[in-house]
Amino acid sequence: TKAQYNETMKLIEKKAEEEKKEIKISKANKPFGFNWKRGYFSELRFDAKHSARATWTYDDKNLYVAFDVVDNTPMINNGIDWMTLFKTGDAVEFDLRTKPDNDSKNVIQGDIRILVSVFENKPIAVLYNYKVPGTKKPVVFKMTGKTVVDVVKIIENAKIKMRKRIDGYRVEFSIPLSEINFHPEKGRKYK
């Protein structure tokens, strides 16, 4: 229900605020070269059977993101619309402000969301690019409020690795930096 959704979102936001911290990101020395040492990943724990760890890295050409999720229904999504897989089942999402050192509370150009899930039994990566100059027909999502996203598209060049297990799953994916107009700079902070 709408009330249950609102309550869930409040709990997620509260938990995220409690867990809010900086993590270190280093340039990858090989593709999918993730650092799972303390301080290099973010972690959310809901209970013993529901938690997630996430990290990311990059090289000269790609962004690499990894999630390790504990969940007793590993990566099930039966959605019929690839644009709204966030509403219909399991998915992981990576939100990034590609402009460094910017703490604006407002959505700005360069704010993106990458959602990875399954669609028609195959892995899929979807890019939500919130502010793109010159957009004529943005996509409007209505749930409990209204969210406007200038560009929503499938990332055709994504490489997705998905490994399911009884108690969860691991998702690793790479996206060309050029696809998301992201140019990480050493020593900068990215939100």
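Note that these values count all heavy atoms, side chains included, but never hydrogens, waters or copies made by symmetry.
Residues satisfying the ring pair (Phe, Tyr, Trp, His ring centres under 6.0 Å) test with Tyr190, not counting sequence neighbours, are Phe182. The side-chain hydrogen bond (donor to acceptor under 3.5 Å, both in side chains) check on Glu93 picks up Arg113, with sequence neighbours excluded. The side chain to side chain contact (heavy atoms under 4.5 Å, CB included) search around Pro176 returns Asn62, Asn157, Ser178, Glu179, not counting sequence neighbours.
Transitive grouping of hydrophobic side chains (ILVMFWY, heavy atoms separated by less than 4.5 Å) keeps Ile76 and Val171 in distinct clusters. Phe32 and Leu177 are not part of a single hydrophobic cluster, where members link through side-chain heavy atoms under 4.5 Å apart. Cluster membership check: Phe46 does not share its hydrophobic cluster with Tyr169, using side-chain heavy-atom separations under 4.5 Å among Ile, Leu, Val, Met, Phe, Trp and Tyr. No continuous path of hydrophobic side-chain contacts links Val65 to Phe41 [ILVMFWY only; heavy atoms under 4.5 Å]. Hydrophobic clustering (ILVMFWY, side-chain heavy atoms < 4.5 Å, transitive): Ile112 and Val152 are in distinct clusters.
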Side chain to side chain contact (heavy atoms under 4.5 Å, CB included) between Ile23 and Ile25, intermediate numbers included: CA-CA 7 Å; Ile23 63 172; Ile25 301 300; 3.9 Å; yes
Might you work through the salt bridge (Lys or Arg N to Asp or Glu O under 4.0 Å) test for Glu172 and Arg163, ending with a clear yes or no? CA-CA 9 Å; Glu172 298 177 350; Arg163 291 185 297 276; 3.5 Å; yes
Using the rule given for salt bridge (Lys or Arg N to Asp or Glu O under 4.0 Å), can you reason through Lys189 versus Asp101, listing the C-alpha separation, both sets of side-chain angles and the distance that settles it, and then say yes or no? CA-CA 5 Å; Lys189 291 183 181 182; Asp101 306 319; over 6 Å; no
Please determine whether salt bridge (Lys or Arg N to Asp or Glu O under 4.0 Å) holds for the pair Asp68 and Arg165, giving the CA-CA distance in whole Å, both sets of side-chain angles, and the decisive distance to 0.1 Å. CA-CA 11 Å; Asp68 191 73; Arg165 57 185 190 269; 3.3 Å; yes
As a quick check of understanding, evaluate side chain to side chain contact (heavy atoms under 4.5 Å, CB included) for Val149 and Thr147, giving each step before the final call. CA-CA 7 Å; Val149 182; Thr147 302; 4.1 Å; yes
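The structure places CE of Met75 at 9.0 Å from CZ of Phe67, a figure rounded to the nearest 0.5 Å. Distance check: Lys2 NZ to Glu7 CD gives 14.5 Å after rounding to the nearest 0.5 Å. For the atom pair CG (Asn6) and OG1 (Thr8), the distance works out to 8.5 Å, reported to the nearest 0.5 Å. Rounding to the nearest 0.5 Å gives a distance of 7.5 Å between CG of Asp111 and CG of Asn102. From Lys99, atom NZ reaches atom CG of Leu96 across 10.5 Å, with rounding to the nearest 0.5 Å.
The list of salt bridge (Lys or Arg N to Asp or Glu O under 4.0 Å) pairs with a residue in residues 57-66, not counting sequence neighbours, reads Lys27-Asp60. Judged as a salt bridge (Lys or Arg N to Asp or Glu O under 4.0 Å), not a single pair has a partner in residues 130-144 (not counting sequence neighbours).
Asp167 places no side-chain N or O within 3.5 Å of a backbone atom of Asn72 that could act as its donor or acceptor partner. Side-chain N or O atoms of Thr1 include one that pairs as donor or acceptor with a backbone N or O of Gln4 at under 3.5 Å.
Of all heavy-atom pairs between Trp36 and Arg170, the closest is NE1-NH1, 3.8 Å. Of all heavy-atom pairs spanning Gly110 and Thr98, the tightest one is O-OG1, 2.8 Å. Listed here is the closest heavy atom pair of Gly79 and Leu85: CA-CD2, 4.1 Å. In plain terms, the two heavy atoms of Tyr40 and Ser26 that are nearest each other are CE2-OG, 4.3 Å. Across all non-hydrogen atoms, the minimal contact from Ser104 to Lys191 is O-NZ, 4.2 Å. Taking all atoms of both residues into account, the shortest heavy-atom contact from Lys146 to Val140 is CG-CG1, 3.4 Å.
Counting non-hydrogen atoms of neighbouring residues, nucleotides and ligands closer than 6.0 angstrom, the CZ atom of Arg188 exceeds 12 such neighbours.
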Let me check something: any side-chain donor-acceptor pairs from residues 114-128 under 3.5 Å, sequence neighbours excluded? List them with distances.
from, atom 1, to, atom 2, distance (Å)
Ser117, OG, Asn77, ND2, 3.2
Ser117, OG, Asp90, O, 2.6
Tyr128, OH, Met83, O, 2.7

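Here the side chains of Val148 and Tyr130 are not in contact, with every heavy-atom distance at 4.5 Å or above. You'll find the side chain of Gln109 reaches within 4.5 Å of the side chain of Pro133, heavy atoms only. Using a 4.5 Å heavy-atom threshold, the side chains of Glu185 and Pro100 count as touching.
Note on ring orientation: taking the six-membered ring where Trp is involved, the planes of Tyr64 and Phe34 are perpendicular (angle over 60°, cut-offs 30° and 60°).
With ring centers used as reference points, Phe86 lies under 6.0 Å from Phe141.
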